[in-house]
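Just the heavy atoms: all of them, side chains too, but no hydrogens, waters or symmetry mates, feed the values below. In what follows, chains are A, B, ... by sequence order, proteins preceding strands, each numbered from 1.
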Amino acid sequence: MPHFRVHLSQLLQQTATQVLQDNNPPPIEIARTKQANHGDYSCNLAMQLAKTLHKNPREIAQMLIDAMPASEYLDKVEVAGAGFINFFIKNEAKRAYLNHILRQGNRYGASNFGGGEKIQIEFVSANPTGPLHVGHGRGAAFGASLANVLAKAGFAVTREFYVNDAGRQMDILALSTWLRYLELNGVHIPFPENAYQGEYVKDMAKLIYQAHADRYVHQPENLLDGLPESAYEVAVTTDEHLDRLIANAKKILDQDYTYIHHFVLTEQLGDCRNDLMEFGVEFDIWFSEQSLFDNGLVAQAVQLLDEKNHLYRQDGALWFHSTQFGDEKDRVVQRENGQFTYFASDIAYHLNKFERGFSRVINIWGADHHGYIPRVKGALQALEQDPEKLKIALVQFAVLYRDGKKAPMSTRSGEFVTLRELRHEVGDDAARFFYVMRKSDQHLDFDLDLAKSQSNENPVYYVQYAHARICSVLIQWDGDVASLVDADKDLLTTPDELALLQRLIDFPDTVESAAKELAPHLIAFYLRELASEFHSYYNSTHFLVSDIPLMEARLALVTSIRHVLRNGLELLGVSAPEKM
RNA sequence: GUGCCCGUAGCUCAAUCGGAUAGAGCACCAGCCUUCUAAGCUGGGGGUUACAGGUUCGAUCCCUGUCGGGCACGCCA
């Protein structure tokens, strides 16, 4: 079965090369039309050629049409407006397409757009220092849906979570947990305000306490070494004090520090993984930042930059000359104290991604990281990699609304809404759908009341309901769906039915666009429109009629709609219930 | 202050990377269940696409400026 849009594109390509002779035509773009009287597809090629050919675009369009070979799928081709070429697909061809959908079933919508290209998509990558919050949720939903879309469009997709298990934040979490643990053992040291305040820290301390009692209570009196007397009474708030506490804790605990560190990391990562799994978000690879250090890849990447003369030393630190690659200032890769910065391991990580043979790499970042892009791309360029292969999709913040008011959120005070709370409150389906209803680079107003409402206002139910209705009809019909390929599709003649056919035909193109533009929201919009057209059709037309051939034709259409609804919802990680 | 993103119906958002008469949902008004699920459908009003210029066959989209909002400007991650 032909892909109409591709077919037309080839037809026009062939014609254009012939008509233009030595001039090679610009890329042919076939678009869907908005209005029925413009046909089904249109092309603006003639208008684009008007300038180079010094001719009236309508004239060029007519020339192209006259030279175009006949197509068995076309009813007619017209010149319209300023010089559009409008294509009218035969209704018979659209009807025949239904069998293609029925046979493809859950594969329908797939294409070879990606050509099996290896593509890596890294998302969420939250610090394993606490529960995921609603901001991570958007990255997770967006990334997972996009990955599904890319896979459907023919890319070989690897989903990856970068685990920041090497940095200072992990040390702060380990320290925080140990302090809570000491409290449980009756040792009270003022809890730093800039340590992790959340209840989950106390929970982890409790677990250690329950399993090991006082085993990790070594000389806590030395914990405040090097700190002023006041530290015994007042909670510290500065980074210096916190770092001193960490250093002291490491000294006091020695080997046992590794245990605490490992314990909190495993706990948090496990929690994060479960949370995401329940949300329908899974990864192929959990990539450890620490492993980059352990394998010497960070040192190697920095050395490589040095060999290519992109580093210099100043104030005791090692700087990358990123301004030479469009960054607004140079960046430190190795601190005065010898520690590599987060940026250094990130360079190593991205270099590693490219060395693993991905032809394209997609990072999904929170929009607050946008300033970070030039330095990463700069580093890649400095290492003689093509920065164009790295695409960074920025996801804006999600703001929750309850009762028409902003829900308060602040990580610092520990008063933030976790992803888990959100999922439990509105349900996984609604959460997944709402997160991708907006373009990713737009702020998202997440209306909790709307997401929760089990009513006609809720777009998730609207789409799912269409699916459930179809299931219900098919159950009452009680026939063999596979037999519907034999139905006489020519009995589908109403404007409703023809519009639905075209909508179904559009699905693979929509998936392709969503892949090309990294825009899974297109799927959400498409599904709403398809559901809308279906509901309308459902209300105006009875399917289970006594005229058997007519009934089977309609059931063939409706079954195809069910396939597309299901496949589309699956891309978004939303369930397709058979009953509601 | 500098850089990036954004500004579309009363509200929340689309608009197939420059295309044809800018579209949906919510809200508001008026209707539709003895029939496959009313979590549904039908009809109606709503716009100088923040503002002012520019580029061209053609601009919500590209360029310049102004106004308004968000984010980022660490030897943090």
Practice item. Determine whether A:Tyr401 and A:Leu450 make a side-chain contact, defined as any pair of heavy atoms from C-beta on separated by less than 4.5 Å. Key: no

Check your understanding: B:rU16, B:rC75, B:rU37: which one has an atom nearest the side-chain heavy atoms of A:Glu517?
Key -> B:rU16

Review point. Do A:Phe534 and A:Arg503 touch side chain to side chain, with heavy atoms closer than 4.5 Å?
Key: no

Practice item. Using the P atoms only, state how far B:rG7 lies from B:rU16, rounded to an integer number of Å. Key: 13 Å

Point to revise | Atom pair distance, as rounded to whole Å: CD1 in A:Ile470 and P in B:rA39 | key: 16 Å

Practice item. Please state how far atom CG in A:Leu450 lies from atom C1' in B:rU12, giving the value in whole angstrom units. Key: 9 Å

Study note, to complete from the structure: Checking B:rU21, B:rG74, B:rA77 against the side chain of A:Arg375 (C-beta onward), the nearest is B:rA77

Check your understanding: B:rA38, B:rC75, B:rG70: which one has an atom nearest the side-chain heavy atoms of A:His443?
Key -> B:rG70

Point to revise | Minimum heavy-atom distance A:Phe142-A:Pro520, with the two atoms named | key: CE1-CD, 3.4 Å

Practice item. With syn defined as a glycosidic angle within 90° of 0 and anti as everything else, classify B:rC11. Key: anti

Exercise for review: Answer with yes or no whether A:Ser42 presents, from its side chain, a donor or acceptor under 3.5 Å of a partner atom in the base of B:rA20.
Suggested key: yes

Point to revise | salt bridge (charged side-chain N to carboxylate O under 4.0 Å, His left out) involving A:Arg402 - partner list, sequence neighbours excluded | key: A:Glu425

Exercise for review: Compare the minimum distances between each of B:rC57, B:rA24, B:rA39 and the side chain of A:Arg528, then state the nucleotide with the smallest one.
Suggested key: B:rA24

Revision key, fill the gap. Stems for RNA chain B (at least 3 consecutive Watson-Crick or G-U pairs, under 3.5 Å) come to B:1-7 with B:67-73, B:10-13 with B:23-26, B:28-32 with B:40-44, B:50-54 with B:62-66

Point to revise | Rounded distance in Å - NZ (A:Lys439) to P (B:rG70) | key: 20 Å

Practice item. Cation-pi check, A:Arg335 to A:Phe340: give yes when NZ or CZ is under 6.0 Å from the six-membered ring centre and within 45° of the ring axis, no otherwise. Key: no

Review point. Just checking, is any N or O donor in the side chain of A:Glu289 or A:Tyr349 under 3.5 Å from an acceptor N or O on the other one?
Key: no

Point to revise | Nearest-nucleotide 5' precedence on RNA chain B, A:Glu336 against A:His535 | key: A:His535

Point to revise | Upstream residue (5' side of RNA chain B) when A:His542 and A:Trp319 are each assigned their closest nucleotide | key: A:His542

Review point. With no angle test and no hydrogens, is the base of B:rA20 tied to the side chain of A:Asn86 by a donor-acceptor pair under 3.5 Å?
Key: yes

Practice item. Any chance you could lay out the side chain to side chain donor-acceptor pair (under 3.5 Å) test for A:Asp496 and A:Ser540, step after step, and finish with the verdict? Key: CA-CA 9 Å; A:Asp496 275 8; A:Ser540 68; 3.2 Å; yes

Check your understanding: Any donor-acceptor pair under 3.5 Å joining the side chain of A:His370 to the base of B:rC5?
Key -> no

